[in-house]
Amino acid sequence: MRMSQLFGKTLRQDPAEAETPSHRLLLRAGLVHQIAAGVYAFLPLAWRALHNVERIIREEMDAAGGQELMLPAIHPIEIWQASGRDQTMKDILFRFSDKRNREFVLGPTHEEVIVELFKRNVHSYRDLPLLVYQIQQKFRDEPRPRGGLIRLRQFTMKDLYSFDTDFEGLDVSYRKMYEAYTRIFDRCGIPTVPALADSGAMGGRDTHEFIYLTEYGEDTCLLCPKCGYAANAEVAAFVKEPAHNAEEPKPIEEIPTPGLYTIQSLADHLGLPTSKTCKAVFYSADGEPVFVAIRGDMDVNESKLRHALGTTDLHYMSEDEVAAAGFVPGSAGAVGLNERLPAAPRVRIIADDLLPEEVNLVAGANKPDAHLLNVNYSRDWEADTVADIALAGEGSLCAAPGHGESQCRTPMDLRRGIEMGQVFKLGTFYAEKLGATYLDAEGKQRPAVMGSYGIGTERLLAAIIEANHDERGIIWPTEIAPFQVHLVALQPEREEVRSAAEELYDNLQSNGLAVLYDDREETTGVKFNDADLLGTPLRVTVSPRTLEKGSLEVKRRSEKESELVPLDGALSLIEAAISR
RNA sequence: CGGGGCGUGGCGUAGUCUGGUAGCGCACUUGACUGGGGGUCAAGAGGUCGCCGGUUCGAAUCCGGCCGCCCCGACCA
């Protein structure tokens, strides 16, 4: 490709809207153009890179026994109603109707559709296991697109669905995908850690997210530096220990606490650590008020809370909702809560499982400007549900098995990361909802056991840049680079330069190399800076200066030094440099 | 949806507080010089100041409404 013809321009300044390095470079290098929030156009260079990403994914999926197919983006609403996800995913569904008023959704994912195909084509255990996948556009009306290509509303996803006869088979399929993912991210030059993740409301068993650790990520995970335990903060387990259970329970006592509305100010006033207090948090779960009690030095993990409550819609109460529920913000406590509330329906109380072990905590008195000292679980109050609902944080102790039967107990690191892909054991949820069954060897009808395995390709591209760049620009991994060689002709107006460069260009191309040829009449600085920005792995320069010596200059994008090579035999040297 | 910020040629921005002919840098066009890290000079082209309404002799600027985009939080590849 001649750069004089290439569609797409590099920018000299950083666009104002870009904050993350990948977003900045994607725009600066002229790779992408934003059309709307979370909706992007991909120019030729980006498109070539994306093709390479997809090629790698295809190779690894095929090697793992996957069969590629193509599914529609337009889905009749009925199949979404059948799975119930027209409701559970309603906030992100793009919906529309046709001219006969039939309702459709733009597919945000394709479990419903693939199960339709399964029902048509699989009837026997002899047809299983089955691994099918697609690489195509998905549409999600995300609440907040962000970070350039990190979070899009229209995006491309590789989704593989596995169907097995039983959970043992699912374990095999899952393992295959887990290993394929490791290879894919490795080939893309992205270091990832597989982290335990939330299996969601589908009741799946284990699931892993492949996380690329970066401060620009939107996920939070906990990593144990000693044993390697890694988990999304949503599910991260940690060792919780009672802080003060050596004391004898003391009589409960009400004290005035005017102006003390936060745990910190309360603890400071009383000269106690925050771990000696009991914090109250108000949630609305499927429209019902829920009173959440947790030790004052800890935070609520909303994912764990959602699981413990068994609800789907969960949110912090607004001030209006708090008032309507009759809670006393700043001085709320579980002691006598339901007796004091004027509203008739009982409020559900859920307590973190550490609270029953604590002694003599300070808690709200359910009236303005008052708290209770020496509150003790079971003697003074009880929860409807006791569960682990605490959020792990920086320094939380690793709960993974350590030596022998004890726990690892190493302080964990809190890190941000981008979720590159997820491998997910769906189990029989869709099979049962949508009727994906097969006949086993005894002729009995059984539900197929499913797994799903997704990778977002544009996000992957963004992460590749995030993980492979310097202050000058992108440094493409060999397998991803839009072009293998960036041929620079300095002063192409000069006949000897032009003819040497053109000859080399033809020569490289006819030997099967992808060459980006800078034939523009630009100054040296412009050309070299663009070459660095665009990040092609190998730069080859032809100039009056090199020609004087009968040579070319060859430089790797990833290295500082360049070398002169003789014009004769340059082709084989360049080929060797690429395959190195 | 809550909180914060922004909207002025393709990109980056000044001007807005205090109303009075829309400015600068980059990119673009033409010519000359230059020639190994965004070079110099000269001459040009390009703007409904996000949209609608209001106030005013006069609005990028003041007022009201709407739209869009970015960032931080609740969801996910």
Side-chain angles (χ1 to χ4, degrees), chain A residues 9-20 23 27-28 30 33-39 57 88-92 108-109 135 137-160 181 197-198 200-201 207 209-212 216-220 232 234 283-284 300 302-303 305-306 312-316 318-319 418-424 452-463 472 488-494 497 521-533 539 541-546 548 553 555 562 564:
Chain A
K9 274 212 166 300
T10 57
L11 300 173
R12 295 202 180 178
Q13 298 103 337
D14 286 337
E17 79 250 28
E19 307 223 334
T20 64
H23 191 194
L27 292 170
R28 271 254 277 162
H33 181 255
Q34 185 177 31
I35 295 296
V39 180
I57 293 174
T88 54
M89 293 182 84
K90 67 172 185 294
D91 290 342
I92 61 155
T109 175
I135 301 177
Q137 303 262 290
K138 316 240 170 174
F139 301 84
R140 298 183 186 174
D141 195 358
E142 292 290 346
R144 187 156 90 83
R146 70 179 105 182
L149 302 185
I150 302 291
R151 185 168 210 77
L152 298 170
R153 293 195 297 168
Q154 171 177 351
F155 63 102
T156 311
M157 187 159 104
K158 183 285 299 178
D159 229 350
L160 183 142
Y181 273 34
D198 191 351
T207 169
E209 293 170 349
F210 286 78
I211 303 285
Y212 162 53
Y216 299 104
E218 47 180 2
D219 278 306
T220 308
N232 192 302
E234 290 177 345
Y283 278 91
S284 171
V300 174
E302 292 191 12
S303 292
L305 179 61
R306 186 172 287 115
T312 50
D313 180 32
L314 182 76
H315 63 266
Y316 253 132
S318 65
E319 282 183 30
I418 301 173
E419 182 187 343
M420 300 312 312
Q422 185 166 23
V423 289
F424 199 127
S452 82
Y453 316 86
I455 295 178
T457 63
E458 296 91 346
R459 177 182 287 185
L460 186 47
L461 187 71
R472 310 194 63 85
V488 179
L490 297 181
Q491 296 178 57
E493 309 77 18
R494 296 215 201 171
V497 171
E521 301 190 3
E522 291 285 354
T523 56
T524 310
V526 171
K527 291 190 167 191
F528 282 169
N529 278 300
D530 276 348
D532 288 342
L533 179 59
R539 188 185 79 190
T541 305
V542 181
S543 72
R545 192 185 287 186
T546 64
E548 260 174 39
E553 183 206 68
K555 179 185 172 298
S562 62
L564 285 180

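Residue numbering restarts at 1 for every chain, and letters A, B, ... go by the order of the sequence lines.
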Q: Please determine, for the side chain of A:Arg146, which listed nucleotide (B:G38, B:C71, B:G35) has the closest atom?
A: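 Minimum distance to the A:Arg146 side chain belongs to B:C71.
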Q: Provide the distance between the two C1' atoms, one in B:C75 and one in B:C66, to the nearest whole Å.
A: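 Taking atom C1' in both B:C75 and B:C66, they lie 28 Å apart.
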Q: Please state how far atom CG in A:Leu533 lies from atom P in B:G37, giving the value in whole angstrom units.
A: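 In whole Å, B:G37 P lies 18 Å from A:Leu533 CG.
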Q: In Watson-Crick or G-U wobble terms, both distances under 3.5 Å, what is the partner of B:G35?
A: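 Its partner: none found.
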Q: Choose from B:C71, B:C11, B:A74 the nucleotide whose nearest atom is closest to any side-chain atom of A:Arg306.
A: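 The closest nucleotide is B:A74.
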Q: Measure from the side-chain heavy atoms of A:Leu11 and tell me the nearest of B:C75, B:C71, B:C11.
A: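 Given the options B:C75, B:C71, B:C11, the side chain of A:Leu11 is closest to B:C11.
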Q: Side chain of A:Gln13 only, heavy atoms from C-beta on: which candidate in B:G39, B:G25, B:C70 is closest?
A: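 It is B:G25.
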Q: For a quick check of understanding: with a heavy-atom distance under 4.0 Å over all strands, which category does A:Gln491 fall into, base, sugar-phosphate or nothing?
A: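 Base, at least one base atom sits under 4.0 Å.
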Q: For a quick check of understanding: with a heavy-atom distance under 4.0 Å over all strands, which category does A:Leu152 fall into, base, sugar-phosphate or nothing?
A: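 Base contact.
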Q: Taking atom P in both B:C62 and B:A14, compute the distance separating them and give it to the nearest angstrom.
A: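 Result for the P pair: 15 Å, nearest Å.
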Q: Give the rounded distance in Å between these two atoms: CG of A:Leu314 and P of B:G73.
A: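 Going from A:Leu314 (CG) to B:G73 (P), I get 18 Å.
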Q: Tell me if the side-chain of A:Arg140 makes a donor-acceptor pair with the base of B:C76, cut-off 3.5 Å, by modelled atom types.
A: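 Side chain to base: no pair present.
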Q: Determine the contact category for A:Thr546: base if any of its heavy atoms lies under 4.0 Å from a base atom, sugar-phosphate if only primed atoms, P, OP1 or OP2 are that close, otherwise nothing.
A: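 Base: the residue A:Thr546, judged by heavy atoms under 4.0 Å, touches a nucleobase.
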Q: Without decimals, in angstroms, what is the distance between A:Glu493 CD and B:A32 P?
A: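 Rounded to whole Å, this separation is 12 Å.
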Q: Among B:G36, B:G12, B:C69, which is the nearest nucleotide to the side chain of A:Ala36?
A: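 Of all the options, the side chain of A:Ala36 is nearest to B:C69.
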Q: Round to the nearest Å and state the distance from A:Asp198 atom CG to B:A77 atom C1'.
A: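 Going from A:Asp198 (CG) to B:A77 (C1'), I get 15 Å.
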Q: Under a 3.5 Å cut-off for both contacts, is B:G19 paired Watson-Crick or G-U wobble with anything, and if yes, with which nucleotide?
A: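 Its partner: none found.
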Q: According to the Watson-Crick and G-U wobble definitions, with both distances under 3.5 Å, which nucleotide is paired to B:C62?
A: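 The answer is B:G54, by the H-bond criterion.
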Q: P atom, B:G25 versus B:G44: distance in rounded Å?
A: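 15 Å, rounded to whole Å.
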Q: Under a 3.5 Å cut-off for both distances, is B:A42 Watson-Crick or wobble paired, and to whom?
A: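 Check on B:A42: paired to B:U30, both distances under 3.5 Å.
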Q: In whole angstrom, give the distance that lies between atom CD of A:Glu17 and atom P of B:G50.
A: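 In whole Å, B:G50 P and A:Glu17 CD are 17 Å from each other.
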Q: For RNA chain B, whose closest nucleotide is more 5', that of A:Gly421 or that of A:Gly147?
A: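 By nearest-heavy-atom nucleotide position, the 5'-most residue is A:Gly147.
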Q: After noting the C-alpha distance and the side-chain angles of A:Glu218 and A:Arg459, does the key distance pass the salt bridge (charged side-chain N to carboxylate O under 4.0 Å, His left out) rule?
A: CA-CA 12 Å; A:Glu218 47 180 2; A:Arg459 177 182 287 185; 3.5 Å; yes
Q: Using a heavy-atom cut-off of 4.0 Å across all strands, would you classify A:Glu209 as base, sugar-phosphate, or nothing?
A: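 Nothing: the residue A:Glu209, judged by heavy atoms under 4.0 Å, touches no strand.
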Q: Any salt bridge linking A:Glu17 with A:Arg146? Criterion: basic side-chain nitrogen under 4.0 Å from a carboxylate oxygen.
A: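 The answer is no: the pair does not qualify as a salt bridge.
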Q: At under 4.0 Å, does any side-chain N or O of A:Arg12 touch on OP1 or OP2 of B:A27?
A: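 True: A:Arg12 side-chain N/O within range (under 4.0 Å) of B:A27 OP1/OP2.
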Q: Determine whether A:Thr457 and A:Met157 make a side-chain contact, defined as any pair of heavy atoms from C-beta on separated by less than 4.5 Å.
A: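 When only atoms from C-beta onward are counted, A:Met157 and A:Thr457 do not touch, as no gap falls below 4.5 Å.
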Q: Can you find a pair of side-chain heavy atoms, one from A:Arg153 and one from A:Asp141, that are under 4.5 Å apart?
A: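 Heavy-atom side-chain distance check passes, below 4.5 Å.
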Q: With both distances under 3.5 angstrom, what nucleotide forms a Watson-Crick or G-U wobble pair with B:C24?
A: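 The answer is B:G12, by the H-bond criterion.
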Q: Say we look at B:G54 and B:A43: how far apart would their C1' atoms be, to the nearest angstrom?
A: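 After rounding to an integer number of Å, I get 44 Å for this pair.
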Q: State whether a side-chain donor-acceptor pair under 3.5 Å links A:Ser543 with A:Gln491.
A: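 No donor-acceptor contact under 3.5 Å links the two side chains.
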Q: Cut-off 3.5 Å, side chains only: do A:Glu553 and A:Thr546 have a donor facing an acceptor?
A: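 No, because no side-chain N or O of A:Glu553 sits under 3.5 Å from a partner of the opposite role on A:Thr546.
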Q: Work out how far the C1' atom of B:A74 is from that of B:C1, and round it to whole angstrom.
A: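 So the two C1' atoms sit 9 Å from each other.
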Q: If you go through the side-chain atoms of A:Asp14, does one of them form a donor-acceptor pair with the base of B:G12 closer than 3.5 Å?
A: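 By the distance-only test, no, there is no pair.
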Q: What interatomic distance, in whole Å, is found between P of B:U48 and the corresponding atom of B:A22?
A: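 Taking atom P in both B:A22 and B:U48, they lie 12 Å apart.
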Q: According to the Watson-Crick and G-U wobble definitions, with both distances under 3.5 Å, which nucleotide is paired to B:G68?
A: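 Looking at the geometry, B:G68 pairs with B:C6.
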Q: Would you say the base of B:G37 and the side-chain of A:Arg545 have a donor-acceptor pair closer than 3.5 Å?
A: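 No such pair is found, so the answer is no.
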Q: Within a reach of under 6.0 Å around NE2 of A:His33, are more than 12 heavy atoms found that belong to other residues, nucleotides or ligands?
A: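 No, NE2 of A:His33 has 12 or fewer neighbouring heavy atoms, counting only those of other groups under 6.0 Å.
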Q: Under 6.0 Å from the ring centre and within 45 degrees of the ring axis: does the NZ or CZ of A:Arg306 meet both conditions for the six-membered ring of A:Tyr283?
A: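 Relative to the ring axis of A:Tyr283, which defines the angle, A:Arg306 lies outside at least one limit.
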Q: Provide the closest heavy-atom pair for A:Arg151 versus A:Arg144 in the form atom of the first, atom of the second, distance.
A: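 Answer, listing the atom of A:Arg151 first, then A:Arg144: CD-O, 3.1 Å.
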Q: Rounded to whole angstrom, note down the C1' distance from B:U56 over to B:U61.
A: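 13 Å, rounded to whole Å.
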Q: With rounding to the closest Å, how many angstrom separate the P atoms on B:U34 and B:C71?
A: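 To the nearest whole Å, 47 Å.
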Q: Taking the side chain of A:Glu419 as its heavy atoms from C-beta onward, which of B:A77, B:C70, B:G38 lies nearest to it?
A: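 Nucleotide nearest to A:Glu419's side chain: B:A77.
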Q: Whole angstroms only, please: what is the CZ-P distance between A:Phe139 and B:C75?
A: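 In whole Å, B:C75 P and A:Phe139 CZ are 24 Å from each other.
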Q: Grab the OH-C1' distance between A:Tyr453 and B:C76 for me, whole Å please.
A: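 Checked: the OH to C1' distance equals 19 Å.
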Q: Under a 3.5 Å cut-off for both contacts, is B:U48 paired Watson-Crick or G-U wobble with anything, and if yes, with which nucleotide?
A: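 For B:U48, the partner nucleotide comes out as none, under the 3.5 Å rule.
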Q: Starting at the 5' end of RNA chain B and moving along, which residue's nearest nucleotide shows up first, A:Ile455 or A:Arg539?
A: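 So the residue in question is A:Arg539.
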Q: Would you kindly give the CD-to-P distance between A:Glu548 and B:G36, to the nearest whole Å?
A: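 Going from CD in A:Glu548 over to P in B:G36 covers 11 Å.
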Q: Heavy atoms from C-beta onward define the side chain here; which of B:G38, B:A77, B:G73 lies closest to that of A:Arg144?
A: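 It is B:G73.
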Q: With centres under 5.5 Å and planes under 30° as the test, does A:Phe155 stack with B:A77?
A: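 It does: the ring sits over the base of B:A77.
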Q: Please tell me which of the listed nucleotides, B:C76, B:G37, B:C70, lies nearest to the side chain of A:Arg472?
A: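 The answer is B:G37, which lies nearest to the side chain.
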Q: Within the pair A:Gln34 and B:C70, is there a side-chain N or O less than 4.0 Å away from OP1 or OP2?
A: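 Yes.
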Q: Searching all strands shown, indicate the nucleotide that pairs with B:C76 (Watson-Crick or G-U wobble; both distances under 3.5 Å).
A: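 Base-paired to nothing in any strand shown.
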Q: Taking atom types as they are modelled, would you say the side chain of A:Asp91 forms a donor-acceptor pair with the base of B:C75 within the 3.5 Å cutoff?
A: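 No.
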Q: What contact category does A:Pro143 fall into here, base, sugar-phosphate, or nothing, at under 4.0 angstrom with non-hydrogen atoms?
A: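 Counting heavy atoms under 4.0 Å across all strands, the contact made by A:Pro143 includes a base.
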Q: Between B:G37 and A:Thr524, counting only base atoms on the nucleotide and side-chain atoms on the residue, is there a donor-acceptor pair under 3.5 Å?
A: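 No pair found.
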Q: Is the shortest heavy-atom distance from the side chain of A:Met420 to the side chain of A:Leu460 under 4.5 Å?
A: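 SC-SC contact between A:Met420 and A:Leu460 confirmed.
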